[in-house]
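Each chain gets a letter, A, B and so on, in the order its sequence line appears, and its residues count up from 1.
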Protein chains: 2
Amino acid sequence: MHAQRRVTSKDVAERAGVSRTTVSFVLNNVPGVRISEGTRQKVLHAARELNYYPNAAARSLASRKTRRIGLVLCQSPERIFVDAFLPGVLRGIGDMAQAQEFGVLLQSVENVAQPDAYTHLVGEKQIDGIILSGPRSDDGQLLALRKEGFPVVLLGQLEGSGVPFVDVDSVGGARLAVEHLIEHGHERIGLITNAPPQYTASAQRERGYRQALEEHGLTYDRGLVCCGDFNEESGWRAMSELLEVVPPPTAVFAASDLVAFGAMEAAKARGLKIPHDLALVGFDDVPLARYVDPPLTTIRLPAYELGAGAGRMLLGLIKGEEVKDTQLFLETELVVRDSCGIHEGATLERSV
Amino acid sequence: MHAQRRVTSKDVAERAGVSRTTVSFVLNNVPGVRISEGTRQKVLHAARELNYYPNAAARSLASRKTRRIGLVLCQSPERIFVDAFLPGVLRGIGDMAQAQEFGVLLQSVENVAQPDAYTHLVGEKQIDGIILSGPRSDDGQLLALRKEGFPVVLLGQLEGSGVPFVDVDSVGGARLAVEHLIEHGHERIGLITNAPPQYTASAQRERGYRQALEEHGLTYDRGLVCCGDFNEESGWRAMSELLEVVPPPTAVFAASDLVAFGAMEAAKARGLKIPHDLALVGFDDVPLARYVDPPLTTIRLPAYELGAGAGRMLLGLIKGEEVKDTQLFLETELVVRDSCGIHEGATLERSV
DNA sequence: CCGCGTTACTAACACGTGTTAAAACCATGC
DNA sequence: GCATGGTTTTAACACGTGTTAGTAACGCGG
């Protein structure tokens with residue numbers, strides 16, 4: 001009727017006229033065991049003829065390795081932001097895994113109150129290692145895992161925890177943005193942060209802003225700094241405040257594109273022309289940054305590279321290699337569009 | 001040193017003073033086997049005390065079930081489009097899987113030339129069923145899988161193949177958009193398709209456009225139909241053509257938001273005010289649709305529900321339930337913003 | 001006391017592979 | 001002919017669970 005009986009390594013062995021063990025040796029290229037070229041070919045041929053696939057469960061059971069990694073997505077307040085980068089990150093992780101013939105098991109943790117939602121993956125030995133996106137500092141499970149030596153890599157850092165991670169170089173990115181404005185003559189540059197300062201990323205972006213100012217001999221003015229809170233609404237409010245300052249800034253760095261969108265609308269609502277009356281630079285390069293009016297100059301995050309980096313690092317840890325750079329910061333990239341005023345008078349950018 | 005020896009069901013059995021089989025009976029709630037409440041509690045207690053997790057590989061091997069489903073993402077030309085919905089779809093699938101204690105194994109197929117990139121998942125028995133996003137009609141592997149009775153569900157349909165699928169009701173969605181325009185007085189309504197007509201989704205959206213016209217006694221005018229090609233550039237070109245027609249349309253339905261963005265720019269470039277001089281409705285509700293100027297009225301696709309529907313259907317097939325609705329079309333939703341002219345004079349919509 | 005049905009449990013095998021320790025084979029030199 | 005050493009191959013066990021067939025305990029009517 002259905003399913004012709006599964007092909008096992010025993011069938012391959014019989015077909016090739018050898019023992020099952022020999023088949024295993026050949027197919028796994030076991031080091032230290034020399035197999036004559038003749039038998040090797042016989043085995044490979046038989047396996048191909050029978051369309052043999054080794055059973056993953058049996059293999060895992062015997063070898064104690066699953067050839068799978070877990071990707072855990074923790075719900076974060078910046079969901080919209082995370083969503084925009086998820087496809088790129090997934091591709092990065094997927095490519096690395098595929099290259100080493102690993103699978104990727106996805107798990108999303110809805111509820112922060114139930115943080116053991118991914119522990120079962122480890123307990124059941126579903127995976128050999130785990131990539132955790134959006135880690136919470138109050139995640140006890142995480143530290144427990146690490147203590148027992150289970151391979152873990154974070155996407156985004158958890159300061160002081162010592163857990164290996166891959167993250168964006170936010171400081172450098174912010175500096176890139178602000179230096180760009182400075183180089184084009186601006187001296188009064190406002191900052192709208194992406195979030196309250198207790199968020200690591202927020203503090204780092206502010207640090208970059210500060211560094212850029214100081215390195216170019218400009219003074220850091222607290223009055224030119226306002227706090228964003230992830231969404232555009234907060235950007236609107238912050239920009240409104242900044243425009244009350246006298247004299248007002250000639251340029252603003254908004255440390256998040258979403259916040260920048262709100263800020264842009266607020267400036268427009270007051271009759272200001274961007275970039276003519278006010279230059280604006282964002283951060284993240286979310287997909288719609290190039291569509292707003294004017295197209296937003298911003299800092300691109302290396303989504304694919306984040307995923308690929310985390311995947312590569314985790315696979316290294318799993319294989320027991322001595323991974324040296326266990327804390328990886330990836331470089332960002334300045335994407336120049338119109339909102340910064342460099343292209344004054346140019347028409348709508350239509351390229352990718 | 002490391003890893004205190006794994007806790008097995010044998011340990012639980014000894015601790016509870018029963019046999020290993022009894023443990024299995026209790027933990028799996030095997031139907032038809034009656035266990036006294038006393039032993040049941042003893043077993044559960046022991047398992048909890050020892051922090052016991054059954055080994056997934058062993059369980060798979062013995063039961064011939066993996067409790068995992070595969071999600072295969074095929075590269076499609078509409079990548080930008082797919083990316084925007086991926087997070088929602090993932091959440092939908094993930095939720096359904098999690099509810100039944102299934103895992104989700106992700107696999108992306110980069111290269112169309114290598115379509116067997118996901119066959120190994122089945123051959124190795126990594127998964128019990130598969131969800132295929134962006135199926136190609138020339139995918140021989142797919143039909144082979146189906147023929148041998150392996151549970152498959154498509155995201156997006158493959159006409160005439162008979163493979164179970166979940167898809168958007170594109171016809172209904174397009175009708176919704178066009179009816180909205182008709183109800184507000186428009187009689188010359190142009191269509192810009194999302195893609196060349198050989199694409200199923202494109203043909204369906206045109207059909208919906210046609211149905212809406214006919215049901216309201218308007219005649220279908222070939223001259224008011226132009227072909228888009230996924231991107232905004234094609235939308236720009238198509239809109240330029242439509243505006244040459246005399247008399248020009250008073251409203252345009254662009255069967256894709258991206259195409260609509262290009263069309264919107266083209267209209268603006270000719271000095272037309274949207275929605276005053278020309279009403280515009282899009283399709284997809286990509287995240288940035290609410291940010292363009294004016295915010296785009298469009299048709300929302302139920303991303304989460306697509307994932308949830310596919311997940312539910314696949315899990316049903318796996319459990320051998322008689323799934324009756326094996327071809328599922330999900331309803332869309334009209335999202336009214338400003339580009340259609342209904343809110344004439346209203347201020348920028350700032351709500352979610 | 002015996003036979004019988006029901007309930008609660010157990011012994012033993014199956015699942016398909018990895019891997020170790022030992023055996024078979026083979027050529028070589030004495 | 002035989003010990004030697006190296007190369008291939010094999011038999012046998014381990015991995016941790018699900019599951020069938022079977023047994024002990026128990027109550028009950030005869």
J.: Find the distance Lys10(A):NZ to dG16(C):P and express it as a whole number of Å.
T.: 10 Å
J.: Expressed as a whole number of angstroms, how long is the span from Lys65(A):NZ to dG16(D):P?
T.: 15 Å
J.: Rounded to whole Å, how long is the line connecting atom CG of Asn55(B) with atom C1' of dC15(C)?
T.: 13 Å
J.: Measure from the side-chain heavy atoms of Ala58(A) and tell me the nearest of dT9(D), dG16(C), dT17(D).
T.: dG16(C)
J.: Counting only side-chain N and O atoms of Tyr53(A), is one of them less than 4.0 Å from OP1 or OP2 of dT17(C)?
T.: no
J.: Testing the basics here: between Cys74(B) and Gly134(B), what is the closest heavy-atom pair and its distance to 0.1 Å?
T.: CB-O, 3.3 Å
J.: Side chains of Arg40(A) and Asn29(A): any donor to acceptor distance under 3.5 Å?
T.: yes
J.: Hey, does the side-chain of Thr22(B) have a donor or acceptor N/O within less than 3.5 Å of a partner on the base of dA8(C)?
T.: no
J.: For Thr22(B) and Ser19(B), which I'm curious about, is there any donor-acceptor pair between the side chains at under 3.5 Å?
T.: yes
J.: How far apart are the closest heavy atoms of Tyr52(B) and Leu27(B), and which atoms are they?
T.: CE2-CD1, 3.5 Å
J.: Please check the phosphate of dT8(D) (OP1 and OP2 only) for any side-chain N or O of Ser36(A) closer than 4.0 Å.
T.: no
J.: dT8(D) C1' sits how many Å from Arg40(A) CZ, rounded?
T.: 12 Å
J.: If you check every side-chain atom of Arg64(B), which of dG16(D), dC15(C), dT17(C) has the closest atom?
T.: dC15(C)
J.: For Phe25(A) and dT8(D), what is the distance between atoms CZ and C1' respectively, to the nearest whole Å?
T.: 10 Å
J.: What is the distance, rounded to the nearest whole Å, between atom CD1 of Ile35(A) and atom P of dC25(C)?
T.: 17 Å
J.: Round to a whole Å and report the spacing from CG of Asp11(B) to C1' of dC15(D).
T.: 14 Å
J.: With a non-hydrogen cut-off below 4.0 angstrom, is Val18(B) in contact with a base, only sugar-phosphate, or nothing?
T.: sugar-phosphate
J.: Would you mind telling me which of dC15(C), dG18(C), dG18(D) lies closest to the side-chain atoms of Ser24(B)?
T.: dG18(D)
J.: Would you classify Thr39(A) as touching base, sugar-phosphate or nothing, given that sugar-phosphate means primed atoms plus P, OP1 and OP2, and contacts are heavy atoms under 4.0 Å?
T.: sugar-phosphate
J.: Would you indicate which nucleotide in dT17(C), dT17(D), dG16(C) comes nearest to any side-chain atom of Pro54(B)?
T.: dT17(D)
J.: Rounded to whole Å, please give me the gap between NZ in Lys125(A) and P in dT17(C).
T.: 21 Å
J.: Closest nucleotide of DNA chain D for Thr21(B) versus for Ala57(B): which of these residues is on the 5' side?
T.: Ala57(B)
J.: Salt bridge check: are Asp83(A) and Arg91(B) linked by an N-O gap of less than 4.0 Å?
T.: yes
J.: Where the side chain of Ser19(A) is concerned, which of dT10(D), dC15(C), dT17(D) is the nearest nucleotide?
T.: dT10(D)
J.: I'd like to know if Arg20(B) reaches the base of dG18(D) with its side chain, counting only an N/O donor and acceptor under 3.5 Å.
T.: yes
